[in-house]
Amino acid sequence: MSRYSAAQIEANWRKAWDEAGIFRAGSDPAKPKYYVLEMFPYPSGRIHMGHVRNYTMGDVIARHKLATGHNVLHPMGWDAFGMPAENAAMASGGHPKDWTYQNIADMRDQMKPLGLSIDWSREFATCDPEYYGQQQALFLDMLEAGLVYRKNAVVNWDPVDMTVLANEQVENGRGWRSGAEVERRELTQWFFAISDMAEELLEALDGLDNWPAKVRLMQENWIGKSRGLQFAFGLNDGPEGFDRVEVYTTRPDTLMGASFIGVSPDHPLAKDLEKDDSDLAAFNAECRKGGTTEEALEKAEKRGYDTGLTVRHPFDTSWELPVYVANFILMDYGTGAIFGVPAHDQRDFDFATKYGLPIIPAFLPAEDADPHLTAPYVPAKTEPVHYVSNFAGDTWQSGADAIEATIAFCEANGVGQGVTKYRLRDWGLSRQRYWGCPIPVVHCDTCGVVPEKKENLPIRLPDDVTFDVPGNPLDRHPTWRQAPCPKCGADARRETDTMDTFVDSSWYFIRFTAPDAQTPTDVAAAEYWMNVDQYIGGVEHAILHLLYSRFFARAMHITGHLPKSASEPFNALFTQGMVTHEIYQTPGDNGRPVYHLPEDVKDGRLADGTPVQIVPSAKMSKSKKNVVDPIGIIDAYGADTARWFVLSDSPPERDVEWTASGAEAAHKHLSRVWRIASEIAEGSADGNAEADEALLREMHKAIHDVTVGVESFGFNAAIARLYAFTGVLAKSDAANAAKRQAARTLAQLMSPMTPHLAEEIWQMLGGEGLIAIAPWPVADPAMMHDDTITIPVQINGKRRTEIQVPQDMAKDEVEKVALATDAVQRALEGAQPKKVIVVPGRIVNVVI
RNA sequence: GCGGGCGUGCUGGAAUGGUAGACAGACCAGACUUAAAAUCUGUUGGGGCUUGUCCCCGUGUGGGUUCGAGUCCCACCGCCCGCACCA
């Protein structure tokens, strides 16, 4: 008998699937549709184990749906715009386009051996002009609908590379590539009006029952709805045009504890004052320079500048509070101005302590309040809070009630209004980069900003660009910028900013439903295929990509590109864990460890015998060298082994640690299954009917358990069940016919995870056609329960013995059997039990 | 600081409130072999004695609810993740 050879099997079956065209999504109305999608990859040029895990999970779902009679859409594409292509071009002198398409070709070649049930006919890359041209059309429609606009905004500006950087591209206040200190700069940029939809995006989260609660919560926090009071302090002797300072607070109940007013360095008042105050101008400039990174903020000291101005407290106009410009106040949240309550807020406390401002407790009981507090005074949760009406009245309330009551009180007394605010800000999409989707507008000296005509789309990126100097190549291109004004025809200039790549990924899943349409979408196709029934990807996209996509689906409905039913594009979301690996390191110079690839380490030592230090498992990363190349694994063991292993050891939402022994074990198991099937295929040994019955019963239980596992993302549990069933089959004395049936079923149950091996076994055992499209087995309930069952007997909740009883035995009969056991009789010592609990089919508990 | 999650053998992990440790890895022992590999079988939470179809303990710690708790509730400890000068 020959041995299991994945290399031989796998290529054959991929060819067979290809020729049969079984993964091509049709529109068979007789079948229910099912759209399964994994987040599409960035074409870095190399697939990694994370991809393998992600796509394998999606493939298990897709193949299972195919076998259960669904019309399945399972597409793949490339998130192909972005900075790495430009960085590669800058580093090696190539062109981003060549680099990207070469990487796509390479990655496609690496992915195909995985045997994924993908409809490759729908493949596209976001850098294809056919795609980004439609994206430009979408942009124009959104512009017309008021969903896109231009405004002046503060951004991270890298003065060396001369481009805007996203927040995540700023490290410790410096540009991640240039190392230059990032400046905050005001620029006119394009924005999507996502914040207008804040309430709807928040409310609709409630309906996303099949999303992880964690992701919904993260989005909820990100949208950040808050309820508060907005009102003004009257300003004494302010500059021209400034007679009040508008503030927003979520804690109006602390109003009587106010001791100063703080405004942002970017606040209009601060900007006005700095005109005549060079010290303040210097202070503001210093504040604006400060980085916006987490670390920079943590280190930054609370600093303020006393403007010398004062405001009047709304409830006691003789009470004057100083006005400071303070570095910790953000211009783009609330009104850019606050009142400080040092007694109840750590930041305000730090500030007040530094500048010798009063610390006034706003809550009773006043007798507990120390007039010389050394730390913020925080009332206990249950303690009644005496809110503003302490000043004017006598009502006692707490928490949110106190805040609402205070707002009502303030409104009644003409001090401001209750308002709802959101943290969510509009999405700035302008990037001063070449390798992105050009924003299709023209700047005309007479007409201003003019949308490009749709018939001129796509506005293509020019190919003749250079990357030898920093900045945006589109800006310095000799001719590309020149364009006639679509309105008046005069010479005008193209917009040279391109779109954030998150725009590309916000609607690609809709484009998959009609990838060749001459409009952004084919609404009928979108209506048929949308929504994505199951979306799978990393939790790192919990906010940005998933929130943007939810916004886009709504925007596309508004602009007529999608039915309303697709406004929430992803019915179910699953966030899978990472693939991790131990890190091997040896001490290097200057205390920095030297990392070693897993393949260079044997038994804890390098080839030359040097022992390595093993650092606990972490996400595979090139810099730590704790990576295992999927290609190497596929070459050594086959794709089925890689697929089986990444699904087997851990629940899919958790990280899985790649271990050499685990991969080896997976391969051994698949070899074993292959061997068992081969023996059955060759064998003709007789068995006994009793063994047949037992085997088939086990088979039906396995069908049930594995099906449940596959349908509920319990892949690891399904695989454990398959191990167990394989063991039963291997030991069974059943006749060949029964074994054959069981082995064919085993192959079917394994087919979503190990499709190639499953096909091979199916064929070996005389299965008809391709297993990939053979109807999924159905468990027979009659075969799933045994006539006689074993149930444990507890005494006072502790297991003491077990009894065998007929499955359908009456409760009191079961009780009698249990009481008659030696263990129970011994424990009773002739007495009567106090109570006997019988859970049918489950357990008996005798209470003594 | 705010929000969320998780703590189970040597390891990954399993367990609708109902036999804790399924299934794997690792280790050890045995079979086969001249030997090794491969394969197959078996053992493995801790402790005790009277070695049994035995007893006690055991799911981070301490309480509670329940006939019964890894699972539910309260408090604490530890770890992980997300957000964050957001007023």
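Proteins come first, then strands; the chains are lettered A, B, ... in the order of their sequence lines, and each starts at number 1. Bear in mind the structure is a predicted one, so any value in this text is a computation, not a measurement.
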Taking [M] as the reference, what is the distance to [N] when you measure between their [atom1] atoms (whole Å, please)?
N      : M      : atom1 : answer
U65(B) : C74(B) : P     : 15 Å
G25(B) : A14(B) : C1'   : 15 Å
G68(B) : A15(B) : C1'   : 16 Å
A75(B) : C83(B) : C1'   : 27 Å
A22(B) : A38(B) : P     : 24 Å
C40(B) : A20(B) : C1'   : 29 Å
C77(B) : G9(B)  : C1'   : 22 Å
U44(B) : A37(B) : C1'   : 25 Å

Among [options], which nucleotide sits nearest the side chain of [X]?
X       : options                : value
R826(A) : G18(B), C54(B), C81(B) : C54(B)
E802(A) : C85(B), C56(B), U19(B) : U19(B)
I543(A) : C83(B), C67(B), A87(B) : C83(B)
I843(A) : C55(B), G18(B), C85(B) : G18(B)
R654(A) : C85(B), G18(B), A14(B) : A14(B)
K798(A) : C57(B), C40(B), G3(B)  : C57(B)
L217(A) : G3(B), A84(B), C55(B)  : G3(B)
V839(A) : G18(B), C67(B), C85(B) : G18(B)
S650(A) : G18(B), A84(B), G13(B) : G13(B)
Q794(A) : U19(B), A14(B), C83(B) : U19(B)

Write down the distance between [atom1] ([X]) and [atom2] ([N]), rounded to a whole number of angstrom.
X       : N      : atom1 : atom2 : answer
M331(A) : A87(B) : CE    : C1'   : 13 Å
Y637(A) : A38(B) : OH    : C1'   : 14 Å
N796(A) : U19(B) : CG    : P     : 17 Å
K834(A) : G68(B) : NZ    : C1'   : 15 Å
I789(A) : U19(B) : CD1   : P     : 13 Å
H669(A) : A38(B) : NE2   : P     : 17 Å
Q346(A) : A87(B) : CD    : P     : 16 Å
H581(A) : U11(B) : NE2   : P     : 19 Å

Using a heavy-atom cut-off of under 4.0 Å over every strand shown, decide if [X] touches base, sugar-phosphate, or nothing.
X       : result
R425(A) : base
T249(A) : sugar-phosphate
N221(A) : sugar-phosphate
L722(A) : nothing
K731(A) : sugar-phosphate

Nucleotide-resolved protein contact map, nucleotides 21-28 of chain B, B/S/- at heavy-atom distance under 4.0 Å: -BSSSS--
G9(B): syn or anti, with syn meaning chi within 90° of zero?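 The base of G9(B) is oriented syn (glycosidic angle within 90° of 0).
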Give the ring-plane orientation class for F260(A) versus Y324(A), where under 30° counts as parallel, over 60° as perpendicular and anything between as tilted. perpendicular
So Y584(A) and H581(A), would you call those rings parallel, tilted or perpendicular, with 30° and 60° as cut-offs?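 It falls in the perpendicular class, over 60°.
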Whether the E582(A) and S617(A) side chains hold a donor-acceptor pair (N or O, under 3.5 Å, no angle test) is what I'd like checked.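 No pair is found: no donor N or O on one side chain lies under 3.5 Å from an acceptor on the other.
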Determine whether a donor-acceptor pair (N or O, by modelled atom type, separation under 3.5 Å) exists between the side chain of R216(A) and the backbone of L208(A). yes
Heavy-atom closest contact (G336(A) atom, H267(A) atom, distance):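 It is O-CD2, 3.5 Å.
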Inter-residue atom distance I359(A).CD1 - D345(A).CG, 0.5 Å rounding: 12.0 Å
From L670(A) atom CG to R643(A) atom CZ, the distance as rounded to the nearest 0.5 Å: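 If I round to the nearest 0.5 Å, the distance is 11.0 Å.
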Could you check whether the side chain of R842(A) and the base of U19(B) have a donor-acceptor pair of N or O atoms closer than 3.5 Å, going by distance alone? no
Is there a donor on the side chain of K302(A) or the base of C85(B) sitting less than 3.5 Å from an acceptor on the other? yes
Before accepting this row, confirm whether a basic side-chain N of the pair E286(A)/R303(A) lies closer than 4.0 Å to the acidic partner's carboxylate O.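 No, no charged N to carboxylate O under 4.0 Å.
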Going by an N to O cut-off under 4.0 Å, is there a salt bridge joining K225(A) and E220(A)?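 A salt bridge is absent here (no side-chain N lies under 4.0 Å from a carboxylate O).
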Mind checking which stems touch RNA chain B? I mean at least 3 consecutive Watson-Crick or G-U pairs, both distances under 3.5 Å.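 Stems (3+ consecutive pairs) listed as B:1-7 with B:77-83, B:10-12 with B:23-25, B:28-31 with B:39-42, B:45-48 with B:54-57, B:60-64 with B:72-76.
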Judged by each residue's nearest nucleotide on RNA chain B, which is more toward the 5′ side, W222(A) or P651(A)? P651(A)
Should the pair K421(A) and Y248(A) be classed as cation-pi, given the thresholds of under 6.0 Å to the six-membered ring centre and 45° from the axis?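 Checked: cation-pi criterion met.
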Is the ring centre of Y4(A) less than 6.0 Å from the ring centre of H667(A)?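 Yes, ring centres under 6.0 Å apart.
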Does the separation of the ring centres of F713(A) and F715(A) fall below 6.0 angstrom? yes
Has R800(A) got a side-chain N or O lying under 4.0 Å from the OP1 or OP2 atom of C56(B)? yes
OP1 or OP2 of G5(B) less than 4.0 angstrom from a side-chain nitrogen or oxygen of K214(A), does that happen here?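 No.
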Are side-chain heavy atoms of V325(A) and L269(A) found at a separation under 4.5 Å? no
